[in-house]
Amino acid sequence: GAVVSQHPSRVICKSGTSVKIECRSLDFQATTMFWYRQFPKQSLMLMATSNEGSKATYEQGVEKDKFLINHASLTLSTLTVTSAHPEDSSFYICSARPDPNQPQHFGDGTRLSIL
Amino acid sequence: AQSVTQLDSQVPVFEEAPVELRCNYSSSVSVYLFWYVQYPNQGLQLLLKYLSGSTLVKGINGFEAEFNKSQTSFHLRKPSVHISDTAEYFCAVAGPSGTYKYIFGTGTRLKVLA
């Protein structure tokens, strides 16, 4: 089946640093990938839609300059949390799909902890 | 706009008993419906999907769901649960928009008791 790989699985860093998270579709091409944020014991909230070769589409309330998204190829999207602070600590999950009529396949998530 | 409601935040059930996790959606247009399972500190795994066709959908791990358009429901069922089914279950709806974005329910924690 379709596999999405997310790296790293866990990051612990100091306040003020920037953190990059990678999302790769391993066995299919994805023109669209999605980035979600999940707080403890809560549902997934869509942050942005990553579009290959063009700018990402951010959901209302998500800071574009804080969460930089780059979708440079059909198999890779990256999320960079810039100047991270403790309130950015969360579980970030990406997903990708082969085409719009197919389900999204999710990565295993990245646990980000900002000290 | 679409929305998804999972009324039960937690469902405890004994091993080998049947279980039903409820999902209701709201949409003015045709939708796609999904059930995902999430184990601790992991991403989401697709259990099953309804895109079109037969309203009874069978998925992995013995789960099935029935799409009921008149009741706008997509309840998940399993006739006999195992300890390993303990996890968080999310219902999601996607509508015919430009990106087919998902709207997730708040999740139901299934706890299987020995």
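Just so it is clear, the values below take in all heavy atoms, side chains as well, and ignore hydrogens, waters and symmetry mates. Quantities reported herein were computed from a predicted structural model and do not represent experimental measurements. Letters go in sequence order (proteins before strands), and every chain restarts at 1.
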Original post:
Cut-off 3.5 Å, side chains only: do A:Thr57 and A:Thr49 have a donor facing an acceptor?
Top reply: no
**OP:** Identify which part of A:Leu46 has an atom lying under 4.5 Å from any heavy atom of chain B, answering side chain, backbone, both or neither.
**Re:** side chain
Original post:
Does a side-chain N-to-carboxylate-O contact under 4.0 Å join A:Arg24 and A:Glu22?
Top reply: yes
Original post:
For the rings on A:Tyr36 and B:Tyr102, is their centre-to-centre separation under 6.0 Å?
Top reply: no
Subject >> Flag side-chain contact, heavy atom, 4.5 Å: A:Ile69 against A:Ser77 >> reply: yes
Subject >> Donor + acceptor pair across side chains of A:Trp35, A:Ser95 (<3.5 Å) >> reply: no
Subject >> Which of A:Gln38, A:Lys41, A:Arg10 touches chain B most, by non-hydrogen pairs under 4.5 Å >> reply: A:Gln38
Original post:
So which residues of residues 78-90 of chain B are in contact with chain A at a heavy-atom cut-off of under 4.5 Å?
Top reply: B:Phe90
Original post:
Between A:Leu115 and A:Cys13, is any pair of side-chain heavy atoms under 4.5 Å apart?
Top reply: no
Original post:
Less than 4.5 Å apart, any side-chain heavy atom of A:Thr31 and any of A:Leu74?
Top reply: yes
Per-pair distances, 0.1 Å, donor-acceptor, side chain in residues 104-114 of chain B, under 3.5 Å, sequence neighbours excluded:
residue: B:Thr108; atom: OG1; partner: B:Gln6; partner atom: NE2; Å: 3.2
residue: B:Thr108; atom: OG1; partner: B:Asp8; partner atom: O; Å: 2.6

**OP:** With sequence neighbours left out, write down each residue that passes side chain to side chain contact (heavy atoms under 4.5 Å, CB included) with A:Pro98, or none if nothing qualifies.
**Re:** A:Phe28, A:Gln102, A:His105
Subject >> Residue pair A:Gln6 / A:Thr110, side-chain donor-acceptor N/O under 3.5 Å >> reply: yes
Subject >> Neighbourhood of chain A inside residues 32-68 of chain B, taking heavy atoms under 4.5 Å as contact >> reply: B:Tyr32, B:Phe34, B:Tyr36, B:Gln38, B:Asn41, B:Gln42, B:Gly43, B:Leu44, B:Leu46, B:Lys49, B:Leu51
